[in-house]
Amino acid sequence: MGPMTTQATTGDAEARLQEHFDATIGRDQRIEPRDWMPDGYRRTLIRQIAQHAHSEIIGMQPEGQWITRAPSLRRKAILLAKVQDEAGHGLYLYSAAETLGADRAELTEMLIDGRQKYSSIFNYPTLTFADVGVIGWLVDGAAICNQVPLCRSSYGPYARAMIRICKEESFHQRQGYELLLTMMRGTDAQREMVQDAVNRWWWPSLMMFGPPDDASPNSARSMAWKIKRHSNDELRQRFVDMTVPQAEKLGVTLPDPELRWNDERGHYDFGAPDWDELRRVISGDGPCNAERIARRRAAHEEGAWVREAAAAYAAKRAAGRRAAA
Amino acid sequence: MSDAGTELYEVFVRGKRGLNHVHVGSLRAADPRMALTRARDLYTRRNEGVSIWVVRSADITASTPDEKDPFFAPSGDKVYRHPTFYAIPDDVPHI
Ligand SMILES: [Fe+2]
Ligand SMILES: [Fe+2]
């Protein structure tokens, strides 16, 4: 067999594998870890899942800062549970990334040294306790819009992690909205705090869906692979439509003069977020980027002795078992 | 091994008495006891289970490297293993 024939055979085998992969996606079945998959599919998934995991982990920080300053034991317990959930979400997702051959320790390194990104939303500061409520309502609300369709993502472990996450997110959004309802029934100063938090978080929340469709070059491929099910703009519209009536019930004003119901479209019209701001924040120049990464790095480095102690203890126990056997 | 001496574990949870343990995901831990504690914290924060198994991922033997399995071909052509293969007149009761 000459080199040409070998190459042709490998090419044929690869084409058959590709065909089988395409047919599985076409039938709306899931791809599982040990299936053959195109390199691009694997790379795209690792990048997306890792970025998602990093977002959950970094996402603990803005709200975590309020745990010690929560106004009551009830709010403190709720906030603790929510932040703990976000840690869990990060871990589900890191596990899903590992099924694709990613290395957990390396993913952490890539987050800390800036080679991989996380959601731009967590680079904004939480200035008052109303921010905790608004994050639950708007940020977790936007996350739910993004994540519900991902429960049907074509990669099995990712879809299963998303199902688990979505079940927990509903508590996050409801505790936030309830917190805001409580504040809105309070004093004028409390109502002002809520409105101020809404003003600051509204636009960054809309940016969570990513750039507009015509500036999102990889979206089409992700949709063809059924990793993504809806475009950024579709999901953003869905979020606005869901949120406006909630804002009315709450009695706050969403800070967008162009926001109004469009009878013809059957949707709310709304203004465009400042896409330059999104680019700036993603590229590292948001209000809290440096602080978030510094905190994550410190937690990682300060936890090194715990990881080393656990490993030493495990090694010692394993040696003991071998000696006893 | 990576992540400073941790290994990957697969987690199985029994939702309630009478059900099988079901695979729920994986996690990293330094040893089986730590895997169990972490599994409790990670996968049963809302009473999702009454019993947990953890198994080192490396200890699992799996059917084929691919989910597209010629391994399962032998059962593909044995329709006579299914009750619907047998035609029984409609007026025969309880069968
Ligand atoms: Fe989350
Ligand atoms: Fe959440």
Side-chain angles (χ1 to χ4, degrees), chain A residues 16-17 19-21 23-24 29-37 81-82 84-85 87-99 102-109 156-158 160-161 163-165 167-168 171 300 303-318 321, chain B residues 1-16 19-49 52-73 76:
Chain A
R16 267 197 305 279
L17 289 167
E19 223 169 84
H20 182 255
F21 172 87
T24 307
Q29 286 187 324
R30 300 292 179 262
I31 304 297
E32 294 296 343
R34 294 168 309 135
D35 284 333
W36 181 91
M37 60 188 86
K82 184 195 188 255
Q84 191 189 8
D85 275 353
H89 298 175
L91 295 179
Y92 303 151
L93 289 161
Y94 283 130
S95 298
E98 282 197 280
T99 65
D103 180 87
R104 175 90 54 111
E106 204 178 301
L107 294 178
T108 302
E109 291 300 327
Y158 189 32
R160 292 192 286 272
I163 290 174
R164 200 165 271 286
I165 288 174
K167 276 188 195 156
E168 301 181 351
F171 141 59
H300 186 63
W305 72 269
V306 179
R307 293 190 294 277
E308 282 157 21
Y313 179 72
K316 201 169 136 186
R317 300 245 316 175
R321 271 196 303 277
Chain B
M1 270 216 221
S2 71
D3 205 3
T6 63
E7 281 184 288
L8 209 51
Y9 284 80
E10 300 301 323
V11 181
F12 300 79
V13 172
R14 186 200 294 287
K16 55 181 182 184
L19 298 181
N20 289 319
H21 283 78
V22 174
H23 182 242
V24 292
S26 54
L27 52 75
R28 286 198 162 268
D31 63 37
R33 277 227 70 83
M34 182 194 259
L36 211 49
T37 315
R38 287 190 167 179
R40 180 202 59 195
D41 292 346
L42 189 55
Y43 290 105
T44 61
R45 285 196 301 283
R46 291 178 175 78
N47 297 318
E48 288 96 335
I52 302 176
W53 291 345
V54 291
V55 183
R56 271 173 17 127
S57 309
D59 288 340
I60 290 181
T61 307
S63 48
T64 62
D66 196 301
E67 311 277 337
K68 170 194 161 200
D69 310 348
F71 187 68
F72 296 108

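Letters go in sequence order (proteins before strands), and every chain restarts at 1.
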Write down the atom of B:G5, the atom of A:A311, and the distance for their closest heavy-atom approach.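 Looking at all heavy atoms of both residues, the closest pair is CA-CB, 4.2 Å.
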
Nearest atoms (heavy-atom pairs only) where B:A30 meets A:A314: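 Looking at all heavy atoms of both residues, the shortest contact is O-CB, 3.2 Å.
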
Is a side-chain N or O of A:Y92 found less than 3.5 angstrom from the main chain of B:L42, in a donor-acceptor match?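 A pair under 3.5 Å: yes.
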
Atom pair [atom1]/[atom2] of [X] and [Y] - distance to nearest 0.5 Å:
X      : Y      : atom1 : atom2 : result
B:H23  : A:R160 : NE2   : CZ    : 8.0 Å
A:K167 : B:R46  : NZ    : CZ    : 10.5 Å
A:E98  : B:L27  : CD    : CG    : 10.0 Å
B:R45  : A:R164 : CZ    : CZ    : 9.0 Å

Would you say B:N47 has more than 12 foreign heavy atoms packed within less than 6.0 Å of its CG?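 It does not: B:N47 CG has 12 such atoms or fewer within range.
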
Contact leader toward chain B among A:D85, A:L91, A:T24, where contacts are heavy-atom pairs under 4.5 Å: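 Between A:D85, A:L91, A:T24, the count favours A:D85.
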
Salt bridge check, B:D31 against A:K316: does any charged N sit closer than 4.0 Å to a carboxylate O?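 Salt bridge: no.
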
Please classify the contact between A:F171 and chain B as side chain, backbone, both or neither, with a heavy-atom cut-off of under 4.5 Å.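 For A:F171, the side chain is the part near chain B, not the backbone.
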
